[in-house]
2 protein chains.
Amino acid sequence: MLQQFMRLENDEIAALGSLASHTKLHDAGHILIHEGGTTDYVYLLVEGTASRYKLLPGGERQILGFLIPGDICDVQFITHRPDHSVALLSRAKIAKIPSRKMTEFLIHYPRIEWALSRAALLDIAILRQWLLNIGQRDACERLSHLFCEMKCRLSKIGKVESDGSFDMPVNQSALADCTGLSIVHINRTLQRLRNDGLIELRRRRLTILDPERLATLAGFSDDYLQVKPCRS
Amino acid sequence: MLQQFMRLENDEIAALGSLASHTKLHDAGHILIHEGGTTDYVYLLVEGTASRYKLLPGGERQILGFLIPGDICDVQFITHRPDHSVALLSRAKIAKIPSRKMTEFLIHYPRIEWALSRAALLDIAILRQWLLNIGQRDACERLSHLFCEMKCRLSKIGKVESDGSFDMPVNQSALADCTGLSIVHINRTLQRLRNDGLIELRRRRLTILDPERLATLAGFSDDYLQVKPCRS
DNA sequence: CGCTGTCTTGAGTCGGATCAAGATTAGTGG
DNA sequence: CCACTAATCTTGATCCGACTCAAGACAGCG
């Protein structure tokens with residue numbers, strides 16, 4: 001949600017709304033963007049969850065990040081040749097906006113363009129944190145950190161239940177590919193977290209049983225996710 | 001260099017020049033920005049090399065990226081509390097610009113602001129590539145990829161000699177901390193690359209002896225570093 | 001000349017990978 | 001509502017890439 005980054009005026013909100021008015025429902029697994037292909041559209045994830053990833057010739061996949069409702073898929077692309085793919089993790093509602101239209105729109109609403117660049121900065125902050133995660137932490141810490149991060153991001157858009165549970169529509173294979181671990185090891189690590197009473201993960205739904213202890217274990221602090229809206 | 005992202009007008013170049021007119025020389029090891037501290041300045045690296053990194057309580061360090069001449073240190077910071085540190089790898093020339101002044105400047109030169117946001121997109125592309133690197137590749141590939149990337153970035157600013165060598169002012173400890181490997185393993189991996197006749201690394205200077213073969217080994221393609229200047 | 005930081009090398013260990021198979025669960029169509 | 005199939009999850013056994021520890025060799029520098 002862009003409002004995290006800047007208080008928007010009513011007309012801006014309305015304009016955004018009409019820009020994203022044509023939404024379409026897609027099934028889990030649908031690939032929105034193909035690495036190396038071309039796009040002339042910007043996709044806005046209205047409802048559901050998606051992942052960005054890169055594939056290696058050998059078939060290895062690295063998940064680069066998760067998209068949650070309100071996230072935009074690819075203002076990112078410098079050229080129109082995306083350097084990674086985006087696929088849906090769950091059934092999702094998508095608004096598909098022609099790039100041309102988006103460009104014009106942003107010229108009329110420079111404040112929104114500015115908010116988007118803030119969103120990019122948040123992406124950077126998250127990417128750096130992931131790098132630290134994969135580069136320096138062990139399996140347990142990596143998973144814990146990821147869970148803490150997701151919970152924090154989702155809570156900002158009101159997607160965490162009062163009991164602390166939230167949708168996490170990923171299988172163990174996806175967890176493996178975003179932490180740089182093997183599926184088997186993810187499985188065993190999850191069991192440890194479960195046995196330690198830290199989390200519960202069932203039917204694509206994650207409950208953090210002891211947020212305090214999990215955050216400590218992960219070395220998680222939500223500072224990097226806190227974006228101050230500025231320029232009023 | 002911002003001109004990678006957009007053809008700038010003479011007055012813009014002149015304005016940038018005067019903005020960055022007061023430069024100062026610092027020694028290798030100098031810490032420009034402290035994680036968790038505060039900054040009211042934007043730093044422009046005019047000459048030399050620097051690294052961004054995060055530290056963990058246990059002393060582990062993850063290097064998040066390298067800065068080369070023309071790179072800007074921290075338009076990045078969403079709040080004024082940097083989430084990582086920046087230190088010089090070599091003696092370097094730095095322009096220190098007050099954030100206020102920078103903000104005003106960008107209001108007068110919106111095209112430059114726009115170029116900066118492009119630069120951020122390049123940062124994102126590099127970060128994603130690093131994530132792939134650390135997450136999925138083995139030691140040899142990681143190092144090779146890093147070297148290919150540095151050479152490509154440096155060649156864009158004319159910092160690669162005609163014999164293919166360039167400054168790489170990092171010790172093995174830094175290589176370890178940016179690839180997520182141990183120093184010892186870096187040492188052995190470097191030896192392999194040397195013995196295979198792929199590289200030569202002496203006195204902080206790297207020569208890629210067989211670019212072709214190294215790129216293949218690394219799975220490197222420079223696509224993600226190619227930024228098309230647009231909006232004329 | 002003698003630090004101090006950096007690089008090398010060897011030996012032993014371990015976290016996490018791989019391989020292989022069985023158990024569960026979720027979907028599908030009848 | 002059940003049978004069938006394909007994912008996904010578990011578990012055990014084995015292996016290996018990379019880590020740690022430890023010590024010696026250089027190199028740059030005041």
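Model, not experiment: these values are computed from the prediction. Because only heavy atoms are used, hydrogens play no part in the values below, and waters and symmetry mates are left out as well, while side chains stay in. Every chain is numbered from 1, with letters handed out A, B, ... down the list of sequences.
- Separating the CD1 atom of A:I183 from the P atom of D:dA7 is a distance of 13 Å, rounded to the nearest angstrom.
- Under the 4.0 Å criterion applied to side-chain N and carboxylate O atoms, B:E35 and B:R52 are not assigned as salt-bridge partners.
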A:E47 and A:K159: CA distance, side-chain angles, deciding distance, salt bridge (charged side-chain N to carboxylate O under 4.0 Å, His left out) verdict: CA-CA 11 Å; A:E47 193 61 56; A:K159 297 281 183 188; 2.9 Å; yes
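- Between A:R204 and A:D167 there is no salt bridge, since no side-chain nitrogen of the basic residue lies less than 4.0 Å from a carboxylate oxygen of the acidic one.
- Atom pair B:I134:CD1 and D:dA18:P shows a separation of 13 Å (rounding to whole Å applied).
- How far NZ of B:K93 is from CG of B:L45: 11.0 Å, rounded to the nearest 0.5 Å.
- In summary, B:D71 and B:R153 engage in a salt bridge, as defined by a charged side-chain N under 4.0 Å from a carboxylate O.
- Looking at which nucleotide of DNA chain C each of B:S173 and B:R188 is closest to, the 5′-most match is held by B:S173.
- Across the protein-nucleic acid pair, A:L181 atom CG and D:dG17 atom P stand 17 Å apart, rounded to whole Å.
- Between A:K151 and A:E149 there is no salt bridge, since no side-chain N of the basic residue sits under 4.0 Å from a carboxylate O of the acidic one.
- Distance B:D138 CG to D:dC19 P: 12 Å, rounded to the nearest Å.
- For B:R203 and D:dG28, a side-chain-to-base donor-acceptor distance below 3.5 Å is absent, hydrogens and geometry of angles not being considered.
- Residue contacts shown for A:R137 are absent, as no nucleic acid heavy atom lies under 4.0 Å away.
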Can B:C73 and B:L67 be said to form a side-chain contact (heavy atoms from CB on, under 4.5 Å), step by step? CA-CA 8 Å; B:C73 264; B:L67 302 179; 3.5 Å; yes
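- Residue-level contact check: A:R192 touches neither bases nor backbone, having no heavy atom under 4.0 Å from any strand.
- If you measure from atom CD1 of B:I186 to atom P of D:dG17, you get 16 Å, rounded to the nearest angstrom.
- Taking 4.0 Å as the cutoff to heavy atoms of chain A, we find the contact window on DNA chain C bounded by C:dG16 to C:dA26.
- Counting any heavy atom pair closer than 4.0 Å across all strands shown, B:R204 reaches sugar-phosphate atoms only and no base atom.
- A:G29 comes within contact range of no nucleotide atom at all, as no heavy-atom separation falls under 4.0 Å.
- Considering only side-chain N and O atoms, A:N187 lies nowhere under 4.0 angstrom from the phosphate OP1 or OP2 of D:dC9.
- Taking for each of A:R142 and A:V184 the nucleotide of DNA chain C with the nearest heavy atom, the 5'-most of the two is the partner of A:R142.
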